[in-house]
Each structure stands twice: as structure tokens, then as C-alpha cells.
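Following: one structure in C-alpha cells, then a few remarks.
So that the names make sense, note that chain A is the first sequence line, chain B the second, and so on, each numbered from 1. Hydrogens, waters and symmetry mates are skipped; everything else that's a heavy atom, side chains included, is used.
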Protein chains: 2
Amino acid sequence: MLPRMGATMLDIAKDLNVSVVTVSKVLSNKGNISSATRAKVLQKAKELNYQKNWIASSLVTRRTFTIGLLLPDFTHPFFGEIAKAIAEAVRPKGFHVIISYFEEDPALERTEAESLLARQVDGLILASSQPPQDSELFHSIQKRKVPFVLIDRPMEHVRSSFVGGDDVAIGRLATEHLVRQGCRRIAHLRGPGAGIAARRQEGYRTVLEKNKLPFHQVIEAGYDDYTGHEAMRQLLYASPLPDGVFCYNDPVAIGAMQAILEAGLQIPKDIAVVGAGNVHYSNVLAVPLTTVDQGTQQIGTRAAELLLEQIDSKRAVRPKKVLITPKLVVRQSTQRTV
Amino acid sequence: MLPRMGATMLDIAKDLNVSVVTVSKVLSNKGNISSATRAKVLQKAKELNYQKNWIASSLVTRRTFTIGLLLPDFTHPFFGEIAKAIAEAVRPKGFHVIISYFEEDPALERTEAESLLARQVDGLILASSQPPQDSELFHSIQKRKVPFVLIDRPMEHVRSSFVGGDDVAIGRLATEHLVRQGCRRIAHLRGPGAGIAARRQEGYRTVLEKNKLPFHQVIEAGYDDYTGHEAMRQLLYASPLPDGVFCYNDPVAIGAMQAILEAGLQIPKDIAVVGAGNVHYSNVLAVPLTTVDQGTQQIGTRAAELLLEQIDSKRAVRPKKVLITPKLVVRQSTQRTV
DNA sequence: GTGGTTTCCGGGTACGGTTGCGCGGATTTT
DNA sequence: AAAATCCGCGCAACCGTACCCGGAAACCAC
């Protein structure tokens, strides 16, 4: 036989000659129950150390108080912070978070999403890596009427809420800062793809235009420091050398700084460097890195809020697109004027 | 009315004039069902696009296929990697992971643990921050007969499985390496507390004794780079200066390196530095940091394996203590002989 | 007094998949 | 012919809550 659990509502009900329904109503504070009965039930519940069986409860309410979080990778501090902010935001409402990650593999992302849906999560938050034109996964989620919110990587043609960094503003903020520091030949190590990377590049471009500065080289790096190192080496072969570099993200910037230092140049005297993301350790590098903080925690918090809103109002809520305003964090890698 | 779900077993059963039980047995491959009936059921299930209701299933089996993971903080890459390894290890068995974290607050840890237990997780993995003498939480878990495994921070007097780094070996490995590099005045920036930090220090001490080297200064730092920076500055005031430093962990080592460089000294020529943990970015610092890899992924993987073992064999399993063998990762911060 | 309505308090039933046990019939063994 | 075995399948229980209902008392108007 299966191991017996603790006391159930039936135990309480039988002891008091009432029905389970009455017990349920008392314990969940619903319906009209006389205060005499109410007191007896509460008393007996405490006496038997009654603990609600959440599973039975979920069975009938179809609410698991669980939300699924699907991330490309959570060893990256960016996603770690998001996960933390989400967990914190939903905890007061009694929700828990199931985290899955899919290593940037779109196929794995789909199966993991299906797996979370099969577990009847009440909602889903995803930083998707589905190819831009493929919205099959999201249609599948929508068909099941499970609320979901996209974060970090918007999907233009998917009708859903989205929370992410304001990438154009990030590009602008970083580039404007370099201009103010006196840089005139500003290069850009852009990231891969047409989404986030393209918008950060756009912010970069608009600032150069506004300031009537000549375009300098734009080279495509990847997500990590190795690609940043490689891309920067390419830049250093060219002439004239840039006097400022806006890097797609902090790891790329770290790789770039390493290449600059290896070439015997100084930061920020010869070349100033700006990253984006404000990852941990940005301040303990050889040269502390100026960066643009994209408001990571806020992304998580807002996403959680939007999701809970949708879960609570069983009606379809109009999707909202939220862009978090970035903040410049100035450190030594751009401080030319001190 | 509550939103109807998809097809249920009852739908299949009625269509075929069999009982739900038969359908269940076919779909879960149990019991003796004729191949004719089996085929009909499978056919109809596919036809109706039947999806099992996991909640109803959990209700009766008392298995949720969910394990709880309780961490102090998962923005730290160390815990991120552990979480990832665990999720990966249990995924093939159909388990999901609910992550909670408690910001190093023992009281919050207790309520979060209770909360996970109330959700009927099948098992628990925890990196606990309960004070060493207080095993109330663990007794509470044991009373409910929920399998659990401790990681990273052992609790001496709790009868349970444990997986963690071999801290004495880490201290030995790091210190031996410094000795081999020719260091003769080896200092130690130890971490706080009597557990991990004390064992790493012990490894350090035994190597000094074995090599008949004089003890150099041991200063207590914290967990992060700020405390490492501060502790190193203290060391730099003293004389004679050390020619090698073994740091409790990588952040402390990073802070220490910064202090050394600020003092105008060279790494590793004047002072060699070893950290522990092999966190990301250890290789893109001003001077790439030699460190001891504590086998983070293995900790997660082994912990998951031990937990699944316990969950599968409903009997009480003899607790195992597993120490992962660390590996030295040599980088520039100790390369004096090249 | 009579009939209708409202209010208060509480119960019956369905929802879901799984498991131990049992049952009826067919086949094989004694 | 009686008994043992086996095969295929069903009954009931598990557990908390939404929905619907029912009985009793109170109240109102005539």
C-alpha cells in the first residue's frame, strides 16, 4: 500500500460529524459556516496537525502555483539575476519557480516548454532562442491558454507581453558617453544576429550621426570574451586605430580589453572601452570596465508582475511591451579626463 | 465551471467500452492487457490527442517528479553551475527542479524548505546555511521521510548523504603548487567560519609542515573581492612580504591581485597568487588566475544521482559522503619558471 | 393562518489516474 | 470429472474544491 499521509479533511469531518465540504470551507474561509462549527473544525485541524494536500487541491482548481522559467543558460549571471528577481517577486503570492534551460538549442527549448506545460504550470516566462520567423512554439502555448511572458529577446510577430532592456538606448548611452569623453573614432564590436545586437548598433549609429562623427569600423563578435578578443585583434590591425570601442556586452569588452593591453596600448588613454550588462567582476578587472547596466533585476520583476496579472485575471489581457531604461555605470576604462 | 482540459482516460474508455483501469494499464505499460485491446486504446489515445494529467497522477502515486533545490544564492556562478548539473542529471528521468534560495538567511531557509515540503517534492538538495549545531530543520525533513542530500556545506551531526569539494585537498593542491613554483613565504587569505575555510587552511598547513617551511601570515577575508583586497593590503604592510598567497576562493584572489598590482608589485614575479573555484573570467583578468577547480559540475551530478537513488529505493539508504577530487588549473598568476 | 421569498448553514457529486484485490471464464493439470 | 492455473479486465479508494442543491428558519403580505 502507498504510504499514508498525515490527517486528511475526511479525518476531521468524521470526528465532528460534518462533511468534508464543510471542513474545506472553513479552512479556506469561503462560504457561510457558523462560528461554532468553524471553531470546532479549526480546533480539530490543529489537534490532528492537518496539512493540506496541495496536489489534490491543484487537481480540482487547476492551479499549481508554479511558474515555469525557461532560460538559455543560468550559469550566466545575467540570467541568474533574472531568475532571482522572478523568484522573489512571486514568492509572496505563494508561487514557486521551476527552472529549465536549453543551452541555446531551439529544439530542446520546445521539448522543455512542452514538458513544463504538461506539468500544468500556471504560467511561463521565457528568454527564447527560437528563430525569429518560427512562432510555432508560441502558438502551441497560446492554444493551451497558458499565460506567458517573453523576456530579453523579443519576438516581433508573437502576440504576447515582453520585458527587456532598451537596446537602442543602451547603444546610445554608451556611445554618447564615449563622445563626451572626447573620443572621435568610435568603433563597435557588435553581437551576432539581427535582434538585440542590431538595436544596440542602431543606438550607436544614431549618436554618431547626431554628432556628425565619421563611422568607424563595426566588427561582429560573439557572446563571449574569446570572440571579443579576436574581434579586437582585427581592429588593431587596421589604421587609424579607434580611440573608443563600444562592445556588445561585458564579456566581449573584457576580451577586447585583454587584446588592447596585449598590444601594449593603454586603457583608456589610447582606447576607451564600454561594455554592456554590468556583470559581476566588471569592477575588479585589470582596468575596471565602464558599462551600461540594463536593469536586470527590473526585467525579472516586471516580467513576474505581468505574468501574475495575466494569471489572476483569467481574461485575456492586452499584451504589454516593457523596455527597462538602462543606466550608465562609469568606471576607469573610459575615464580620460581625470 | 472550471476550464475543461483535453481528453481524459474516461473519454477513451467510454469510446471503447472498457474501463479506465484498462486504459491506464495500457498507457503505463503495466498489467496484462491483450494486444488487441492495447492497440485499440493506443489508437484512440492518439486520435483524441490524450495528454496525461500529471496532477491526478501525482495525487495517487504521491510522486511529483519534482525535486527541490535550496541554495544560498544563485547569481553566484558556482551555484548556477551546480543547479545546471542537477537539472541535467535528473531530466532524463523525468524530474524537474524547483529552485529556491534564501540569501544566507537561516530562518528564510527553514520556511522555504517547509514550503517545498508542503508541495510534496520527491526529494531535496540543499546547500544549507543552518548554524552547525542546529539540526532542527533536518530532523523535520527526516520526520517526513523525504530524501535529501546536502551539498557544499557538510553538517557533521546530520545523518544524510553529502557531496562537496574536498577542501583539504584543495588547500594542499594550491599550496603544493606554490611550493613547486619556488615560493618560500606562503601566506593564506582564509575564508570565514570553521567549516570549508578551516579545512582549506588545514590543507595549507600540512603542506607547509611537510616541506618544513616556516608559517607565514594567515589573515581572514570574507567571500568576495572587497574583503580579499582589504586582507591583502594588511599583508602588504607587514614584512617580510610573502612570495606566494593561497586565497580562499577566486573572488578573494581577484581582490588580492588588485591590491598587489596597486602596490606596484608584479604577479607572479614578486607574489604568486592561487585561488580556488575556477569561476568564469578567471582567465580574462589582468593576470589570468591560477586556481583549483573544485569539480562543481560533478558535485551537482553526484548529488542528483544520490538523491535519485534514495527516491527510487523506498528503503532507507545508507548515507554516503562524497568528496570530489579537485584539479589544479595553472594560469599566469603562478608561472614563475617560464 | 397561508403561501412565497430570502437567508443561513451545510451536503452530494464530479474531477482525475493508479493500485491492490478480486472475479469470471478459459485452459491445463491431476 | 474435479482442481489448479492463468489471462484479461474491473471495482473501489485516494483527496480537496467548485458547482449545484436542500432543508430550516425567518420574514413579508394578505
Side-chain angles (χ1 to χ4, degrees), chain A residues 1-42 44-45 48-66 94 117-120 122 144 314, chain B residues 1-42 44-45 48-66 94 118-120 122 314:
Chain A
M1 195 50 178
L2 256 42
R4 277 284 299 168
M5 317 246 40
T8 72
M9 284 190 175
L10 188 61
D11 298 327
I12 299 175
K14 276 200 288 208
D15 277 18
L16 299 175
N17 276 322
V18 294
S19 84
V20 233
V21 178
T22 307
V23 177
S24 170
K25 285 176 179 169
V26 169
L27 294 177
S28 57
N29 253 319
K30 286 180 183 168
N32 290 331
I33 305 295
S34 69
S35 56
T37 313
R38 173 179 302 276
K40 281 195 299 183
V41 170
L42 291 175
K44 186 60 86 179
L48 299 180
N49 188 28
Y50 170 77
Q51 304 264 31
K52 157 149 104 176
N53 183 331
W54 273 92
I55 311 225
S57 177
S58 293
L59 175 62
V60 54
T61 59
R62 278 127 170 82
R63 282 271 217 125
T64 56
F65 286 93
T66 303
L117 292 173
R119 290 183 92 85
Q120 267 118 306
D122 293 339
R144 307 200 197 200
K314 309 271 248 165
Chain B
M1 193 52 177
L2 256 42
R4 279 285 300 167
M5 319 245 42
T8 72
M9 284 188 174
L10 188 60
D11 299 326
I12 299 176
K14 277 199 289 206
D15 277 18
L16 300 175
N17 276 324
V18 294
S19 82
V20 223
V21 178
T22 307
V23 177
S24 169
K25 284 176 178 168
V26 170
L27 295 177
S28 58
N29 253 320
K30 286 178 184 169
N32 289 332
I33 305 294
S34 69
S35 56
T37 314
R38 173 180 302 278
K40 280 195 301 181
V41 170
L42 291 175
K44 187 58 90 176
L48 299 180
N49 188 28
Y50 169 77
Q51 304 265 32
K52 160 149 102 175
N53 183 331
W54 274 91
I55 310 214
S57 178
S58 293
L59 175 62
V60 54
T61 59
R62 278 125 169 84
R63 282 272 217 120
T64 56
F65 286 93
T66 304
R119 287 184 95 84
Q120 267 119 303
D122 293 339
K314 310 269 249 167

Partners of [X] by side-chain hydrogen bond (donor to acceptor under 3.5 Å, both in side chains), sequence neighbours excluded?
| X | result |
| --- | --- |
| A/Ser57 | none |
| B/Asn29 | B/Arg38 |
| B/Ser24 | none |

Rounding to an integer number of Å, can you tell me how far [X] [atom1] sits from [N] [atom2]?
| X | N | atom1 | atom2 | result |
| --- | --- | --- | --- | --- |
| B/Arg38 | D/dC9 | CZ | P | 10 Å |
| B/Arg62 | C/dG16 | CZ | C1' | 14 Å |
| A/Leu16 | C/dC9 | CG | P | 17 Å |
| B/Ile55 | C/dT18 | CD1 | C1' | 16 Å |
| A/Leu59 | D/dA13 | CG | P | 18 Å |
| A/Phe65 | D/dG16 | CZ | C1' | 13 Å |
| A/Lys14 | D/dC14 | NZ | C1' | 12 Å |
| A/Met9 | D/dA13 | CE | P | 20 Å |

If you only use heavy atoms from C-beta on, which nucleotide in [options] is closest to the side chain of [X]?
| X | options | result |
| --- | --- | --- |
| B/Lys52 | C/dT18, D/dC9, C/dG16 | C/dT18 |
| B/Val60 | D/dT17, C/dC15, D/dC14 | D/dC14 |
| B/Thr61 | C/dT18, C/dG16, D/dC14 | C/dT18 |
| A/Ala56 | C/dG16, C/dT18, D/dG16 | D/dG16 |

Can you check whether A/Thr37 has a side-chain N or O nearer than 4.0 Å to OP1 or OP2 of C/dG10?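 The answer is yes; a side-chain N or O of A/Thr37 sits under 4.0 Å from OP1 or OP2.
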Could you work out, with ring-ring contact (aromatic ring centres under 6.0 Å, His included) as the rule, every residue matching B/Tyr50, not counting sequence neighbours?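 Scan of B/Tyr50 (ring-ring contact (aromatic ring centres under 6.0 Å, His included), adjacent residues dropped) gives none.
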Need to verify one output field. Residue with the more 5' nearest nucleotide on DNA chain C, A/Asn17 or B/Val20?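 That would be A/Asn17.
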Return whichever of A/Ser35 or A/Val21 has its heavy-atom-nearest nucleotide of DNA chain C closer to the 5' end. A/Ser35
Does any N or O in the side chain of A/Arg119 come within less than 3.5 Å of the main-chain N or O of B/Phe65, such that one atom is a donor and the other an acceptor? yes
Just wondering, do B/Asn53 and A/Leu59 contact through their side chains at under 4.5 Å, heavy atoms?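 Side-chain contact under 4.5 Å: yes.
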Return the set of residues passing salt bridge (Lys or Arg N to Asp or Glu O under 4.0 Å) with A/Lys44 (not counting sequence neighbours), or none when no residue passes.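 Applying salt bridge (Lys or Arg N to Asp or Glu O under 4.0 Å) to A/Lys44 gives A/Asp15, A/Glu47.
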Sugar-phosphate only, base, or nothing, as touched by B/Ser58 at under 4.0 Å among non-hydrogen atoms: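 B/Ser58: no heavy atom of the nucleic acid under 4.0 Å.
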Under a 4.0 Å heavy-atom cut-off, which of residues 23-30 of chain A touch DNA chain D?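 Output list: A/Ser24, A/Lys30.
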